[in-house]
Amino acid sequence: MRVAVGSDHAAFSLKELLLDHLRRKADIEVIDMGTETETVSCDYPDIAFRVGEEIAKKNVDRGVLLCGTGVGMSIAANKIPGIYAAHCHDVETARFSRLHNNSNVITMGARIISPELASAILDTWLSTDFEQGRHTARIAKVLDYERKVCPGRAFSEKGKTVLFEHPLMLHKVSLIRNKDTSVKEFRELVQEIAGLMVYEMTRSLPLVKIEVETPLERTDALALAGKDLAIVPVLRAGLGMVDGILQLIPNAKVGHIGLYRDPDTLLPVEYYCKLPGDIDQRDVLVLDPMLATGGSASAAISLIKKRGGKKISLVCIIAAPEGVSKVHADHPDVDIYAAALDSHLNDHGYIVPGLGDAGDRLYGTK
Ligand code: PRP
Ligand code: URA
């Protein structure tokens with residue numbers, strides 16, 4: 001289990017003690033997320049968001065947050081979709097926060113409890129599993145609410161399916177469904193939809209403080225931190241989404257996977273694969289406007305995994321339930337982002353109502 005630990009200045013010594021305590025455990029990889037000293041005051045939300053984002057992005061499994069009382073950390077961490085932070089000052093509360101609430105962050109107060117009690121609470125919290133059963137439905141209600149208010153950011157331990165509800169996106173999807181939309185308009189709309197989807201998906205990217213010199217003075221500013229992005233369109237139709245994303249994230253590297261669906265068997269046939277050499281270091285977005293049987297998307301994801309890709313999401317515009325099920329079954333770790341979930345596939349494997357053949361509509365080949 002990977003555990004991120006953070007504190008403000010008031011709980012610095014407790015953090016150091018708990019880090020030592022955790023480093024002695026063979027089954028735990030511990031990551032110190034700051035702060036670095038007790039002599040310089042810092043703001044607890046900065047640390048809470050740093051740790052919480054690591055969990056929301058699935059870079060670590062659990063988080064431990066410490067401040068004077070533990071309350072500020074709990075309030076701040078619980079603002080992050082996907083974070084269920086339990087503020088605990090006794091072993092029983094910690095145990096039930098896992099058994100019943102599936103908490104993924106524990107917060108404690110260095111000015112409230114002794115280091116010995118904090119260690120005992122932490123041990124219980126780390127070794128207790130979620131009981132599931134009747135509690136699963138309650139947790140699902142919290143997750144549903146998160147999905148409603150923050151569709152791009154909801155969290156689950158398995159791969160999730162996020163359907164975007166932004167009115168601009170839904171309007172543009174209606175336009176590309178229309179059989180009378182021209183090739184030029186179709187191409188522009190696919191770019192715009194892809195850009196809007198990635199805009200929503202990147203809300204959670206972590207930031208770091210930097211200094212910038214304006215024409216007037218030096219000032220604090222923010223810059224993107226963390227892993228770089230690779231986008232991998234599935235040829236041909238996935239190519240139609242690339243420029244809309246590169247306009248927002250020009251530094252993303254672009255891989256290409258060539259697959260076509262055999263018209264008789266509907267199975268994907270691979271004809272090209274070129275990925276960035278450091279694909280294992282990057283968050284990977286696989287792009288394909290249509291998720292029909294899921295064969296192409298699943299094969300593309302397998303190819304990326306074979307070359308070392310670890311954190312992969314699938315971005316499609318229209319998905320069919322059959323494709324969503326196949327990708328989640330083959331790749332339970334992969335999140336699917338879609339602008340629409342349609343009704344079913346017809347006998348030829350086309351999405352209904354769908355938009356027809358995305359490649360042909362993008363490139364005017366029919
Ligand atoms: C389309 C689409 C997907 C695939 C989806 O590609 O772009 O890649 O079908 O179907 P699936 O989920 O059943 O695998 P197509 O094979 O038509 O190739 P193209 O993009 O070159 O037109
Ligand atoms: N590929 C497409 O382009 N459209 C579909 O409906 C299914 C697969």
Side-chain angles (χ1 to χ4, degrees), residues 159 161 163 172-183 185-191 193-194 197-198 231-245 254-275 284-305 309 312-332 334-366:
T161 303
L163 294 177
K172 287 172 196 290
V173 171
S174 305
L175 294 174
I176 58 173
R177 287 186 191 277
N178 187 335
K179 66 180 174 40
D180 295 325
T181 297
S182 70
V183 169
E185 284 169 320
F186 188 93
R187 207 180 287 147
E188 288 166 0
L189 286 162
V190 166
Q191 301 289 5
I193 294 166
M197 290 178 85
V198 166
I231 56 177
V232 182
V234 178
L235 307 182
R236 287 177 299 172
L239 280 179
M241 300 168 76
V242 170
D243 286 347
I245 296 173
V254 185
H256 293 89
I257 290 181
L259 292 172
Y260 70 87
R261 219 170 53 148
D262 182 292
D264 298 323
T265 64
L266 299 184
L267 293 175
V269 181
E270 179 194 338
Y271 59 89
Y272 187 75
C273 182
K274 180 85 184 166
L275 301 176
V284 183
L285 303 184
V286 177
L287 312 178
D288 195 330
M290 308 304 277
L291 176 61
T293 64
S296 308
S298 179
I301 293 164
S302 297
L303 278 170
I304 296 168
K305 284 185 175 173
I312 303 170
S313 302
L314 173 65
V315 188
C316 47
I317 296 180
I318 299 184
E322 293 88 336
V324 170
S325 300
K326 174 155 180 69
V327 170
H328 279 328
D330 292 353
H331 303 285
V334 169
D335 297 334
I336 301 173
Y337 295 87
L341 181 64
D342 276 11
S343 148
H344 64 283
L345 299 179
N346 70 13
D347 293 343
H348 304 287
Y350 275 87
I351 300 176
V352 183
L355 52 73
D357 186 301
D360 285 343
R361 295 204 59 188
L362 274 166
Y363 300 109
T365 40
K366 202 143 203 175

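Hydrogens, waters and symmetry mates are skipped; everything else that's a heavy atom, side chains included, is used. Counting convention: from 1, in listed order, for ligands and their atoms alike.
- Near Gly295, the atoms of ligand 1 lying under 4.0 angstrom from a non-hydrogen atom of the residue are 12 (O), 14 (O).
- Tyr350 CD2, 3.4 Å is the protein heavy atom nearest to atom 5 (C) of ligand 2.
- Near Gly349, meaning under 4.0 Å from any of its heavy atoms, are these atoms of ligand 2: 7 (C).
- At under 3.5 Å, not a single nitrogen or oxygen of Tyr271, backbone or side chain, sits near a nitrogen or oxygen of ligand 1.
- Put simply, the side chain of Asp342 gets close to the backbone of Gly354: a donor and an acceptor are under 3.5 Å apart.
- For Leu266, no heavy-atom contact with ligand 1 is shorter than 4.0 Å.
- By the 4.5 Å heavy-atom criterion applied to side chains, Ile245 and Leu287 are counted as neighbours.
- Checking only distances, Asp360 never comes within under 3.5 Å of ligand 1, N or O to N or O.
- Ligand 2 has a nitrogen or oxygen under 3.5 angstrom from a nitrogen or oxygen of Ile351.
- At the top of the distance list for atom 22 (O) of ligand 1, counting protein heavy atoms only, stands Arg236 NH2, 2.9 Å.
- Atom SG of Cys316 is separated from atom CD1 of Ile193 by 12.0 Å, given to the nearest 0.5 angstrom.
- Close approach of ligand 1 to Asp357 (heavy-atom distance below 4.0 Å) involves ligand atoms 17 (O), 22 (O).
- With a 4.0 Å heavy-atom cut-off, ligand 1 is reached by the side chain of Asp288 but not by its N, CA, C or O.
- Remark: ligand 1 atoms within the under-4.0 Å shell around heavy atoms of Tyr260 are 16 (O).
- Listed by number with element, the atoms of ligand 1 under 4.0 Å from a non-hydrogen atom of Gly359 are 22 (O).
- Set against the non-hydrogen atoms of Ala292, the atoms of ligand 2 under 4.0 Å away are 7 (C), 8 (C).
- For the atom pair Lys172 NZ and Thr181 OG1, the distance stands at 12.0 Å (nearest 0.5 Å).
- At least one N or O atom of Ala292 sits closer than 3.5 Å to an N or O atom of ligand 1.
- Every atom of ligand 2 with a heavy atom of Arg261 under 4.0 Å away is listed here by number and element: 7 (C), 8 (C).
- In this structure, Pro268 falls outside the shell of residues with a heavy atom less than 4.0 angstrom from ligand 1.
- For the pair Ala358 and ligand 1, the shortest N or O to N or O distance does not fall below 3.5 Å.
- A 4.5 Å side-chain heavy-atom check between Glu270 and Leu303 finds at least one atom pair inside the cut-off.
- With Arg361 contributing its side chain and Phe186 its backbone, the two residues share no donor-acceptor pair below 3.5 Å.
- One distance of note links OH of Tyr271 with CG of Leu259; it measures 7.5 Å at 0.5 Å rounding.
- To the nearest 0.5 Å, atom NE2 of residue His256 and atom CG of residue Leu275 are 10.0 Å apart.
- Looking from atom 13 (O) of ligand 1 to the surrounding protein, the closest heavy atom is Thr293 OG1, 2.5 Å.
- Ligand 2 places these atoms under 4.0 Å from at least one heavy atom of Gly356: 2 (C), 3 (O), 4 (N), 5 (C), 6 (O).
- Per-atom contact check: atom 1 (C) of ligand 1 does not touch the protein, criterion being a heavy-atom distance below 4.0 Å.
- When only modelled atom types and interatomic distance are considered, Thr365 and Arg236 share a side-chain donor-acceptor pair under 3.5 Å.
- At a threshold of 4.5 Å between non-hydrogen side-chain atoms, the residues Met290 and Leu355 count as touching.
- Taking only non-hydrogen atoms, the option from His348, Met290, Arg236, Arg361 nearest to atom 1 (N) of ligand 2 is Met290.
- At least one N or O atom of Ala358 sits closer than 3.5 Å to an N or O atom of ligand 2.
- With a 4.5 Å cut-off on side-chain heavy atoms, Glu322 and Thr293 do not count as touching.
- Looking at ligand 1, you'll find an N or O of Ala237 within less than 3.5 Å of one of its N or O atoms.
- Of the possible donor and acceptor atoms, one in the side chain of Gln191 sits under 3.5 Å from a partner among the backbone N and O of Gly240.
- Here the closest heavy-atom approach between residue Pro233 and residue Gly255 is recorded as CD-O, 2.8 Å.
- Below 3.5 Å of separation, one finds an N or O of Ser296 facing an N or O of ligand 1.
- Panel note: side chain Arg261, backbone Leu266; no donor-acceptor pair is recorded below 3.5 Å.
- Taking 4.5 Å as the limit, some side-chain heavy atom of Met241 sits within range of a side-chain heavy atom of Ile317.
- Nearest residue to atom 15 (P) of ligand 1 from Arg361, Lys326, Arg261, Met290 is Arg261 (criterion: closest heavy atom).
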